[in-house]
Each structure stands twice: as C-alpha cells, then as structure tokens.
There are 2 protein chains.
Amino acid sequence: MDLSGNGRRAQRVTIRDVARDAGVSVAAVSKVLREAYGVSDALRAKVRDSMERLGYRPLAAARGMRGQTYTLGVTLSDIRNPFFTDLMAGINAALERTQYQPLVGISHSTSAIEAGLIESMMDRQMDGLILVAPHLTGAPLADLARRIPIVVVGQHQPNATEFDTVNNDDELGAELVVRHLAEQSFARIAMLSLAFDRAGSVEATVNGRRETGYRRAMAGLGLKQHINVVRAAQTLREIQTTARHMLEGPNRPEALFCWTDFVALEVISVATELGLSIPDDLAVVGYDNTFLCDLAQNDLTSVDQSGETLGLQCARLLIERIKGRGEAQHFMVKPRVVVRASSQKR
Amino acid sequence: MDLSGNGRRAQRVTIRDVARDAGVSVAAVSKVLREAYGVSDALRAKVRDSMERLGYRPLAAARGMRGQTYTLGVTLSDIRNPFFTDLMAGINAALERTQYQPLVGISHSTSAIEAGLIESMMDRQMDGLILVAPHLTGAPLADLARRIPIVVVGQHQPNATEFDTVNNDDELGAELVVRHLAEQSFARIAMLSLAFDRAGSVEATVNGRRETGYRRAMAGLGLKQHINVVRAAQTLREIQTTARHMLEGPNRPEALFCWTDFVALEVISVATELGLSIPDDLAVVGYDNTFLCDLAQNDLTSVDQSGETLGLQCARLLIERIKGRGEAQHFMVKPRVVVRASSQKR
DNA sequence: AGTGCTATGTGTATCGTTCTACATTTCCAT
DNA sequence: ATGGAAATGTAGAACGATACACATAGCACT
C-alpha cells in the first residue's frame with residue numbers, strides 16, 4: 001500500500017499527503033476532519049475521497065497536542081463484578097458510530113492505584129472520564145472535574161455542580177427488596193453490606209444508600225427490632241467468614257439481603273456448605289441482576305438497575321460535557337426486583 | 001499550585017519549566033526522563049528534585065510524536081469471562097512499578113469491532129499490544145506484528161516469528177481431564193466446544209487444541225467409539241439449547257467436558273432444571289478454574305492455567321519486544337486439573 | 001604538550017495535527 | 001457599479017516532548 005520504492009520503512013499517511021493528493025491546503029483537510037465551519041461541499045467531497053483512497057487515519061497523539069484525542073477513559077475498580085460488563089456494553093454501544101473510543105483502566109479497588117490511573121489518563125489527554133464507583137469523592141473529585149469533564153456512575157452526589165452522575169435509585173431498590181421479603185412473610189431480614197473505606201461516605205456510596213433504604217423500609221413495616229446490618233470488605237475470604245458467622249450464629253436471619261450479587265452467591269455457597277436449604281432455611285436476595293442470577297443452581301432474586309441503560313447515559317452525558325455543557329445533570333433510573341426461587345416460600 | 005498570578009488558566013508544567021527550575025537544558029531533562037545514557041548522578045538528582053517539586057508529569061501525546069507513549073493496549077473479546085480478570089491482574093502486577101500503563105479495549109467478540117479497536121490503538125501510538133484470544137490470525141496478524149510489537153495470548157502460533165505467544169498447553173489440559181474422568185470410570189465422555197468462526201483454525205484456537213487433546217486421550221484410552229464433540233456459539237441462548245439437546249437426547253453422556261467454565265456453569269444449570277443430579281447422573285468439568293468453580297453450588301472440577309502467570313509473561317515479553325528483541329518467544333505453562341465434586345463418583 | 005578517548009551536557013529540527021489571523025472570492029442590497 | 005458582509009480557503013505558528021549532531025571537559029597515555 002505504501003511501498004515507497006526506496007528501501008525505507010512504510011510511512012504513515014499524514015494530513016499533508018491527503019492535502020497534496022486532494023490539491024488543497026493542510027488547513028482545509030483539518031477542517032473537514034473536525035467538521036469545522038467554512039468548507040464547501042465540493043471541497044469536502046474531494047478531501048473525503050482522498051482520505052478514503054489513501055487510507056488516512058488521523059494520529060491521536062498529534063491531535064492531542066492541540067485539540068481533542070477523541071478518547072474517553074473509563075476507570076473500573078473491579079472487572080470481576082459482571083455488572084460492569086453491562087455498563088461497558090452500554091458505553092460501547094453509545095460510542096459505536098462516533099469518533100470516540102473508550103479505553104478502560106483497572107484500579108483493583110485501591111484508591112492509590114485509582115489516583116495514579118486517573119493521572120495517567122490525563123497525561124494521555126483523554127477528552128473526558130467515566131469514573132465507575134470511584135473511591136475518590138468530595139472536594140478532590142470536584143477539583144478533578146474542573147480539570148477534565150467527568151461523569152460519575154455508582155456514587156451519589158446529587159448536589160455536585162462540576163460533574164454529572166448516573167445512578168439507579170439504590171434506596172428505592174433496597175426498599176423494594178425489603179417489601180418483597182416482608183410480603184413473603186419474612187420478618188428477621190438482615191443485610192450484608194460492604195465495609196466503608198472512609199468516614200462519612202454513607203450518603204454517597206451505593207451500599208450506603210442501600211443500607212439507608214433497608215433501614216427505612218424495615219422501620220416503615222414495623223420491623224425495627226429486626227434491623228441488622230453487617231459489613232464485610234471486598235475480599236472473598238472476608239465475605240465467606242462474615243457470612244459463615246452470620247449463618248452459624250444463634251439467631252440466624254430468615255432472609256439475607258446482600259448489597260451485590262457477587263456477595264449473594266458467596267452466601268448461597270456458605271449456606272449450602274452448612275446444609276441450609278434455600279429459601280426454606282434462608283432466603284437470599286442480591287443486587288444488580290447479573291447473568292449469574294439466572295443459573296438454576298443460583299436462581300437468585302435480585303434488583304435490576306439495567307446497567308446497559310446506565311452506560312448509555314454515561315456516554316451521552318460525557319460527550320455533552322465535552323462539547324461544552326456547563327450545568328450538571330444527574331440521571332437516575334428506577335430499579336425493579338426480579339423475583340426468583342431464592343426468596344419465594346414454597 | 002500553579003496559580004500564575006495573572007488571571008490565566010492554570011497551565012500544565014512542561015519539560016521547559018523543569019529545565020528552567022533545575023538550571024539545565026531541556027535535552028538534559030528529557031534524558032533523565034527516559035533514563036538515557038549520558039547523565040551524571042548530580043544532574044539526575046537536581047532534575048528529579050525539580051520534577052518532584054513542580055509536580056511535573058510528561059504529556060503522553062507529546063512523547064508519542066517522536067518516541068514512546070508508554071501505553072500498552074490490551075484487547076479483550078469478552079470481559080464476561082472471569083478468566084480474563086486473572087490475566088489482567090497479572091498484567092497490571094507486572095507493570096505496577098514501571099512507566100507503562102495498560103489500557104483495555106473491548107471488542108465484544110466481533111472481528112469487525114476488533115479490527116477497528118486495533119487500528120484505534122495504533123492511532124493512539126500505543127507502544128505495543130497484548131491481544132487476548134484474538135479473531136485476527138494468520139497472515140494479517142503477522143502483517144500487524146510488523147507494524148507494532150505484539151504478544152498474543154490464547155491463540156497457538158508456535159511457528160510465528162513476528163510476534164510472541166503466551167498459552168497454557170490446551171491439548172495436555174484436555175487430556176488430563178479425560179484421564180481424570182476415565183479414572184473415575186466414566187466412559188461415555190462427551191465434549192462441548194465452541195463453534196469456529198472461520199475455517200481451518202482448529203490448530204490455532206484454544207478450543208480447537210482442547211478438542212484435539214480430548215480426541216487423542218479418548219483414543220489412547222480405547223474410548224474411540226465414545227468420542228462426541230458438539231459445538232455451540234458464544235451466546236447464552238445457544239449454549240443453553242445445545243446443552244439441553246445433549247442432555248435430553250436418548251444417549252446422554254455420563255460426563256461432559258466443557259471448553260470453558262462459563263459453559264460448564266450453564267450445563268450445570270440446564271442439568272439442574274432437568275432434574276439431573278451432579279455428578280451421579282452427569283459429571284461436568286470446565287476449563288480455566290475461575291473463582292466461580294469454588295462456590296458450593298457449582299463445586300466444579302476445572303483445569304487451572306494460572307491466568308495471573310500468563311498475564312505476567314505477556315507484559316514481560318511485550319516490553320522485551322518493545323526494547324528491541326527480534327526473535328519470537330513462545331511461552332507455555334503446564335495446566336493442572338483441580339478436582340471438585342462435579343466429577344467425583346461417590 | 002599533544003592525541004585520542006569517554007563522559008556529560010546543549011541546541012534545535014522535528015513529529016502531525018489544530019487553530020488563529022488573514023487573503024480572496026462570492027453574493028447581494030443599494 | 002459599488003460597498004460591505006458572508007463564505008471559503010490558506011499560511012504558518014504553536015503544542016511538548018524526543019533525539020540527532022555537536023561542543024566541551026576531563027583524563028590517560030605517549
């Protein structure tokens with residue numbers, strides 16, 4: 001394709017080559033590329049044709065020097081959680097026919113790595129960031145948002161003015177779960193939540209909201225005396241020992257609401273090992289309605305927050321921000337409970 | 001930090017600022033940055049100190065114009081498969097203390113998107129690519145490798161000279177499974193594999209190798225007449241209907257070897273729905289030994305190929321290539337069977 | 001003192017775009 | 001015709017790093 005006769009290495013086609021081929025200036029080609037103002041149809045057609053014929057692709061690094069890179073960064077704390085898969089599917093779908101390319105960085109749940117990852121994405125001149133359930137919060141997050149367009153998903157900041165947020169109504173989701181369990185005439189309903197890694201983040205975090213919803217619903221239904229929230233860190237080991245402790249203890253709950261599916265599956269595992277049958281000895285409910293809930297060996301009731309929709313919204317909002325929108329938007333979907341065998345008395 | 005008195009927007013600290021602060025030339029700072037030859041300890045210390053104090057971070061876009069971006073691209077076909085999580089953990093761990101940053105692109109199992117993604121990563125001047133179980137193969141893959149350093153994991157190309165590969169011995173893994181099942185005195189051992197999306201790729205693909213290993217082991221054990229390979233595409237729906245068909249049919253196998261855990265979990269689900277008990281009515285074995293195998297409700301025998309080790313090797317080999325190694329290296333680990341309840345006669 | 005080497009440091013062209021400022025042409029109302 | 005605005009196209013200076021080519025200093029050995 002680009003064997004330039006002499007023995008040299010095949011060079012990349014540049015904007016200059018396109019300009020020469022089309023018989024126009026470099027600036028004109030750049031205008032076509034950016035769909036900028038001041039280009040006639042004739043010129044646009046000529047340039048488009050040359051680009052096509054030469055197989056021209058703009059070099060993101062060079063664009064980044066002065067303008068946009070058309071790259072969006074997504075930070076994930078944990079690819080293990082299949083909910084993030086749905087989210088990514090939505091993001092990818094939304095960007096499919098655009099110039100934007102999403103690239104994912106993985107922070108393995110530690111805030112030090114997350115901070116490094118974000119810096120690293122800024123070094124790479126990303127046009128904007130989608131932060132998925134970030135550790136970063138409060139003022140530092142707002143500071144960051146002043147340096148680069150941001151959409152946060154999985155963290156509640158309804159009053160933030162510097163960035164957008166996308167969430168489902170976690171409080172409502174938890175309430176729906178409790179009401180569903182109460183309807184099945186369970187009363188001793190406990191909750192297995194996530195340990196907080198910093199003080200005062202109950203209001204902002206997903207699991208904090210779910211706890212609030214749980215407490216409120218329990219109180220509303222006159223089950224205040226049964227409120228019982230236990231927290232475990234994000235490791236397999238700790239989830240297992242915590243679950244075992246709850247289920248072996250003297251007052252084992254009738255039903256256990258887990259803050260995310262992943263944890264619910266561990267609970268089912270521990271319960272099975274202890275010889276408990278589900279839902280007769282213990283009802284279990286998760287959150288996120290990931291594809292694992294559907295497997296017959298799990299058959300797990302869960303809350304659907306339609307991750308794909310959330311992903312789509314993230315992408316949409318971020319691009320709007322990049323294009324200049326200044327006011328914050330906070331998107332929230334209504335969750336719904338998907339009932340399966342793990343929570344239905346027979 | 002960088003409030004430059006006048007009302008202007010906070011500017012990024014550049015290499016020039018560092019040079020001025022340290023009282024040296026821009027070229028000297030660049031040398032320190034790249035750990036290039038010809039820098040005295042004294043100068044290095046001075047420059048490092050200035051960089052630290054000013055909070056300098058090199059801009060990847062600018063570096064990319066002439067040199068490296070210190071960014072490595074990883075293409076994943078499907079984040080749903082938890083095996084890739086382990087792989088990523090290895091890659092991230094290997095790059096932790098280096099300048100390199102891995103960024104992941106997701107191709108959703110379609111080769112068109114994969115091709116676009118790869119181009120897009122080249123546009124972004126990535127220094128090298130780790131292709132995980134790519135669709136791309138044969139001559140086009142070799143062509144690509146001549147344009148950018150590449151390591152391929154999850155595709156067997158032992159004779160490739162243009163790029164490195166990292167794999168486990170899939171043939172051996174399958175053989176070990178068959179031998180294990182035969183030891184448990186199963187004879188009618190079937191295999192559920194993945195449908196091929198192109199002709200002649202049996203030798204290169206992971207599932208193709210596993211099929212070969214399965215056939216060879218069956219033949220070696222005198223079970224030739226029981227060889228039975230069924231293939232299903234990578235969608236939930238098709239896996240389910242295929243599994244159902246196999247298990248409902250007149251000659252249901254005694255044991256079913258699934259090419260990956262994900263499929264094995266679906267099989268357990270379908271079997272459960274059909275009222276079959278595992279392993280009494282049907283033994284099931286998977287591949288990859290992902291964390292889901294450990295859950296008591298699955299308790300799935302699987303083949304461990306230590307994804308984290310593979311990830312480490314990918315990163316190591318790719319950086320070697322980037323630094324100039326020309327000859328290909330092909331890394332292969334030995335897999336081992338992790339026996340759990342799903343395949344043990346009681 | 002002269003020669004040749006190595007080690008260290010610098011000046012500056014260069015990478016491929018974007019974008020401002022400006023030149024030219026076209027259009028239209030007077 | 002004429003003037004002025006609008007539309008279209010171009011030249012060329014950035015952007016922030018790298019790396020080549022070169023200058024200089026220090027040192028060992030004639």
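The chains referred to below are lettered A, B, ... by the order of the sequence lines, with proteins before strands, and numbering in each begins at 1.
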Taking only N/O atoms, report every protein-nucleotides 19-22 of chain D pair under 3.5 Å with atom names and distance.
{"residue": "D:dA19", "atom": "OP2", "partner": "B:R34", "partner atom": "NH1", "Å": "2.9"}

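- Distance check: B:N92 CG to B:L312 CG gives 10.5 Å after rounding to the nearest 0.5 Å.
- Residues A:L310 and A:F83 meet the side-chain proximity criterion, which asks for heavy atoms closer than 4.5 Å.
- Summarising the geometry, atom CG belonging to B:L318 is positioned 7.5 Å from atom CG belonging to B:L129; distances are rounded to the nearest 0.5 Å.
- For B:Q99 and D:dA17, the CD to P distance is 13 Å, given to the nearest whole Å.
- Heavy-atom distances under 4.0 Å link DNA chain C to B:Y37, B:G38, B:V39, B:S40, B:L43 of residues 37-47 of chain B, given in residue order.
- For the pair A:T110/A:H135, no side-chain contact is recorded, criterion being any heavy-atom separation below 4.5 Å from C-beta on.
- The interatomic distance linking A:E35 (CD) with C:dT18 (P) rounds to 12 Å, in whole Å.
- Each end of the helix from C:dA1-D:dT30 to C:dT30-D:dA1 yields a helix axis from five base pairs, and these two axes differ in direction by 40° (to the nearest 10 degrees).
- A salt bridge does not link A:R48 to A:E52: none of the charged side-chain nitrogens sits closer than 4.0 Å to a carboxylate oxygen.
- Taking 4.0 Å as the cut-off between side-chain N and carboxylate O, A:K46 and A:D49 do not count as a salt-bridged pair.
- Sequence order on DNA chain C of the closest nucleotides to B:S25 and A:A61 puts B:S25 first from the 5' end.
- Checking each of A:I15, A:D17, A:T14 against A:V26 for a side chain to side chain contact (heavy atoms under 4.5 Å, CB included) leaves exactly one that passes, namely A:I15.
- Between the P atom of D:dC15 and the CG atom of A:D123 lies a distance of 19 Å, rounded to the nearest Å.
- Using a 4.5 Å heavy-atom threshold, the side chains of A:L72 and A:I322 count as touching.
- Annotation: side chain to side chain donor-acceptor pair (under 3.5 Å) contacts involving residues 114-123 of chain B, sequence neighbours excluded, comprise A:R12-B:D123, A:R57-B:D123, A:Q101-B:S120, B:E119-B:R147, B:S120-B:R124.
- B:M51 has its CE atom 14 Å from the C1' atom of D:dA17, to the nearest Å.
- Rounded to whole Å, the distance from CZ on B:R63 to P on C:dT14 is 22 Å.
- Judged as a salt bridge (Lys or Arg N to Asp or Glu O under 4.0 Å), not a single pair has a partner in residues 61-76 of chain B (not counting sequence neighbours).
- Here the C1' atom of nucleotide C:dC15 and the CG atom of A:L59 are 9 Å apart, to the nearest Å.
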Side-chain atoms of residues 149-159 of chain B: list all donor-acceptor pairs with protein atoms under 3.5 Å, sequence neighbours left out, distances to 0.1 Å.
{"residue": "B:Q155", "atom": "OE1", "partner": "B:T137", "partner atom": "OG1", "Å": "3.0"}
{"residue": "B:Q155", "atom": "OE1", "partner": "B:Q157", "partner atom": "NE2", "Å": "2.8"}
{"residue": "B:Q155", "atom": "NE2", "partner": "B:P134", "partner atom": "O", "Å": "3.0"}
{"residue": "B:Q155", "atom": "NE2", "partner": "B:L136", "partner atom": "O", "Å": "3.1"}
{"residue": "B:H156", "atom": "NE2", "partner": "B:D170", "partner atom": "OD2", "Å": "2.7"}
{"residue": "B:Q157", "atom": "NE2", "partner": "B:T137", "partner atom": "OG1", "Å": "2.9"}

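- Across the protein-nucleic acid pair, A:M65 atom CE and D:dA13 atom P stand 16 Å apart, rounded to whole Å.
- For the pair B:R12 CZ and D:dG16 P, the interatomic distance rounds to 9 Å; values are reported in whole Å.
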